[in-house]
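Position 1 is the first residue of the sequence; numbering continues from there.
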Amino acid sequence: DLALQATSGAATFNPALYYDAGSTDNGGALAITAPETSPPVSLGANVAESWTARDPAGNTSAATMQICAKDFVTPTISLPGTASANCEGATTRVVLSAPTVADDNDPTPLWRWEYPDAGAISDCDAGSGVLGYVTGTTSLCGKFPYGTSYIRVRASDSFGNVALSSNRDVVVNDTVSPVVTFVSQEPNVTATNAASVATTWSVSDTCSGSSSPALAVSHTGSGSAAFDDAGTYVVTTAAEGSHTSTVTAQDTAMQTANAS
């Protein structure tokens with residue numbers, strides 16, 4: 001039996017490709033009667049073709065070949081460029097332009113976005129749902145963490161052939177500075193000589209998917225200022241006068257904010 005690759009829904013059978021016109025038997029040339037070139041074989045169909053061989057002594061032998069047209073070729077995938085968005089929080093909505101997916105025999109192959117380990121991507125508009133298989137050139141929206149994620153396309157045709165694309169970048173940028181605020185003490189305080197004043201600060205960051213912003217301190221005037229083991233900001237004055245400290249918060253995207 002013979003299986004041929006179909007293109008555009010059919011395959012062409014050429015008998016001349018499947019026998020040797022110079023075949024012999026006991027030193028004599030064989031006369032082979034081959035089937036005529038058949039009309040295209042429709043995808044999924046089976047066609048029976050008969051063959052006959054006759055030797056110089058007039059002995060004959062006949063056989064029938066079953067010919068079928070199948071699809072063994074995976075779909076083709078062409079990826080769009082990198083997708084990006086500014087961070088919104090723990091996860092960010094990113095619009096994913098559609099890839100171009102084509103197949104020789106299936107006009108509407110299925111495709112989906114997925115992580116390289118075949119993990120599903122959260123859908124922006126389906127609650128706790130994930131991005132599923134679609135057809136055509138539909139743009140989809142997925143939710144991604146801060147930083148760079150890698151995704152790919154899985155495509156399949158109706159004949160079970162599956163193709164995987166190379167990876168594509170999805171970049172979530174952090175362009176917003178963190179916010180530093182005083183909590184339990186106003187920034188301007190009065191203290192006697194060599195006194196310690198504890199001031200509590202809080203820091204927040206819009207892109208909460210990145211690690212918490214780091215706090216640093218600079219101090220102008222006599223004495224010192226630092227965060228203690230409990231994370232409380234302590235100013236220790238060494239003399240009377242004005243003492244100014246500045247707290248700086250910096251997130252992992254190097255966005256900074258100051259408060260004095």
task = Considering non-hydrogen atoms only, spot the tightest contact between Ala48 and Gln66 and give its length.
result = CB-NE2, 3.7 Å

Single-linkage hydrophobic cluster Val130~Leu140, side-chain heavy atoms < 4.5 angstrom = no

query = Would Glu114 and Arg152 satisfy salt bridge (Lys or Arg N to Asp or Glu O under 4.0 Å), going step by step from the backbone distance to the final call?
reply = CA-CA 6 Å; Glu114 65 180 23; Arg152 69 183 182 186; 2.7 Å; yes

inquiry  = Looking at every non-hydrogen atom in both residues, tell me the closest pair between Asp157 and Val73 and how far apart they are.
reply    = OD2-O, 3.4 Å

remark   = Exactly one of Asn167, Leu96, Val94 clears side-chain contact (heavy atoms from CB on, under 4.5 Å) with Ile151, and that residue is Leu96

remark   = Of all heavy-atom pairs linking Gly58 and Arg54, the shortest is O-NH1, 3.5 Å

request  = Please tell me if the side chains of Trp113 and Val153 come closer than 4.5 Å, counting only heavy atoms from C-beta onward.
outcome  = yes

note = What one should report as the nearest heavy-atom pair of Ser139 and Ala98 is OG-N, 4.1 Å

request  = Of all the heavy-atom pairs spanning Asn173 and Tyr146, show the shortest one and how long it is.
outcome  = C-CE1, 4.4 Å

key: Residue pair Asp106 / Ser158: nearest heavy atoms and the distance that separates them   = OD2-N, 2.8 Å

inquiry  = Let's go through Asp169 and Tyr150 carefully: what are the C-alpha distance in whole Å and the side-chain angles of both, what is the deciding distance for side-chain contact (heavy atoms from CB on, under 4.5 Å) to 0.1 Å, and is it a yes or a no?
reply    = CA-CA 5 Å; Asp169 295 351; Tyr150 302 99; 3.1 Å; yes

query = Taking it one step at a time, do Val162 and Arg154 satisfy side-chain contact (heavy atoms from CB on, under 4.5 Å)?
reply = CA-CA 7 Å; Val162 176; Arg154 177 184 295 267; 3.9 Å; yes

task = Group every Ile, Leu, Val, Met, Phe, Trp and Tyr by side-chain heavy-atom contacts under 4.5 Å, then state whether Leu79 and Leu131 land in the same group.
result = yes

